[in-house]
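Chain identifiers are assigned alphabetically (A, B, ...) following the order of the sequence lines, protein sequences preceding nucleic acid strands; residue numbering begins at 1 within each chain.
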Protein chains: 2
Amino acid sequence: MFRSLDAQALSAILAAGTVRGLPAGRVIFAQGDDGLTCHSLLEGRVKIVQARPDGNQSVIRFIGPGEMYGTVAALMGKPFPADAVAVVDSVEVYWTVATMRQLMARYPEVAMGSAASAGARLFEMQDRVGEMAGEKVEQRIARTLMRLVQQAGRKTPDGIEIDFPITRQELAEMAGSTLHTVSRTLAAWDDRGITGSARRRIIVRKLDALVDLAEPA
Amino acid sequence: MFRSLDAQALSAILAAGTVRGLPAGRVIFAQGDDGLTCHSLLEGRVKIVQARPDGNQSVIRFIGPGEMYGTVAALMGKPFPADAVAVVDSVEVYWTVATMRQLMARYPEVAMGSAASAGARLFEMQDRVGEMAGEKVEQRIARTLMRLVQQAGRKTPDGIEIDFPITRQELAEMAGSTLHTVSRTLAAWDDRGITGSARRRIIVRKLDALVDLAEPA
DNA sequence: CGCGATATTGACAACGCTCAACTCACGTGG
DNA sequence: CCACGTGAGTTGAGCGTTGTCAATATCGCG
């Protein structure tokens, strides 16, 4: 989202905020907190998690380097609707809302960029609502994996690997299922050579097969 | 979203677009069409429906008077991600993207307003993803009804009525279920005096009971 | 008046969740 | 260096919720 800015503007923008390291597991902001800061990830991986009244939680999305988070809530003056947690050691910049508003006024690209990213996420969420509505669990897991591949896939000689550690539990919370079903499903896919999974690591070996699984009959 | 504009600006904005009537059932734009127009509803009710590959469809949301639709896709230069269909005879204004951009430049309130509404919808969709992930059907139907009450509730001596005709099929497509289950559920609620439903009409008699149903044990 | 759209209801099957027991990998501390 | 504990993953059995199939009832509109 900062791609269209020249180096000078970029460093000015960075200088206006605060850069800090985040150890794995660190809670960056919590659901219900007043949205007073805008964040952008420089390095690592952050998950956005929504706690539900019944005690379960659902992973809304993973944030990668270059992406913004917490920004929409902050700009709207609303409380954060979810937690943000670093899943690996990471580095982020954050700004106060006031600063972000000034930056947006001074560099319209920043405003444009975050509007575009909010729009893209809106579409993604609408798609997900549609998917969760009618599809079977296996298809939802397949789609979830496909999204992860797109957002965090790293090519290896063996296939495409999700480039951060993810548990079956988390995958289940994204797909709207349980870690048991995810475990069984992945085991079956591993047997068929579609994926290769180990402790907190997943490799997709046959992306086309995964696409087939996502599209029903 | 036009609330903060004075009368003069408002009529200029209206004059820049085209006003037209929409008979019930009319398709305003279709999923996959290039997003070349921005729309706002003046009167009536429009549903946004996403067709899924398996042939089923899911109702993303209902649009009421004063709300914009199709705008995010148009501004991003993307195809519309869903159909828009008038559910009752309605009246809308629409603008070309180019015109909308000029209006946004001239009246920043317009830009602000649509950003805010996009943000609100993003939150709503995130909530829905969370809900669909773990909740049981009855809870999802309850939440769906609550949303409809908020968006299109009209007070009557008997309770709060959804002010446009809605089928059980549509309710099912919003809640991610089947019309059969919705029918059974509504029948049970009717018996308990929580709702009163008739052909294409739903009245909520005990909103608090509905809220209880939405929150699991 | 008749047909299509909408809704109701029952029987049945199955998908996937819940509960439960167990294995395995890894890191930590004695 | 090994024992232990904890977090992650696997696997099995049983059952409930909910979708599928099917038949019928009702309402409205043309």
Practice task
Tell me yes or no: between the side chains of B/Asp127 and A/Gln50, is some donor less than 3.5 Å from an acceptor?
Solution key: yes
Handout entry: Residue pair A/Ser114 / A/Ser117, side-chain donor-acceptor N/O under 3.5 Å
Key = no
[X] [atom1] to [N] [atom2], straight-line distance once rounded to whole Å:
| X | N | atom1 | atom2 | answer |
| --- | --- | --- | --- | --- |
| B/Asp190 | C/dA7 | CG | C1' | 12 Å |
| A/Glu135 | D/dT18 | CD | C1' | 17 Å |
| B/Arg140 | D/dT18 | CZ | C1' | 10 Å |
| B/Asp191 | C/dT8 | CG | P | 11 Å |
| B/Leu186 | C/dT9 | CG | P | 11 Å |

Handout entry: Residue-level proximity of residues 161-174 of chain B to DNA chain C when a heavy atom falls under 4.0 Å
Key = B/Thr167, B/Arg168
Handout entry: Near-strand residues of residues 199-206 of chain B, defined as heavy-atom separation under 4.0 angstrom from DNA chain C
Key = B/Arg199, B/Arg200
Exercise for the section: Provide the closest heavy-atom pair for A/Glu170 versus A/Lys47 in the form atom of the first, atom of the second, distance. Expected result: OE2-NZ, 2.7 Å
Exercise for the section: Specify the closest pair of heavy atoms between A/Val88 and A/Arg45, including all atoms of both residues, with the distance to one decimal. Expected result: CG2-N, 3.6 Å
Electrostatic pair [X]:[Y] at N-O distance under 4.0 angstrom:
| X | Y | value |
| --- | --- | --- |
| B/Arg52 | B/Asp54 | yes |
| B/Glu161 | B/Lys155 | no |
| B/Glu67 | B/Arg61 | yes |
| A/Arg26 | A/Asp89 | no |

Handout entry: side-chain hydrogen bond (donor to acceptor under 3.5 Å, both in side chains) evaluation trace for A/Arg168 with A/Ser197
Key = CA-CA 10 Å; A/Arg168 275 115 226 269; A/Ser197 59; 3.2 Å; yes
Name the pairs: protein N/O against N/O of nucleotides 18-21 of chain C, kept only if under 3.5 Å.
unit_1, atom_1, unit_2, atom_2, d
C/dA20, N6, A/His180, ND1, 3.4

Exercise for the section: With salt bridge (charged side-chain N to carboxylate O under 4.0 Å, His left out) as the test, would you mind laying out the steps for B/Lys136 and B/Glu131 before giving the verdict? Expected result: CA-CA 9 Å; B/Lys136 298 238 185 292; B/Glu131 289 162 18; over 6 Å; no
Completion exercise
Ranking C/dT9, C/dC17, D/dG19 by distance to the side chain of A/Ser177, first place goes to C/dC17
Handout entry: Close side-chain approach of A/Met146 to A/Leu210, heavy-atom, < 4.5 Å
Key = yes
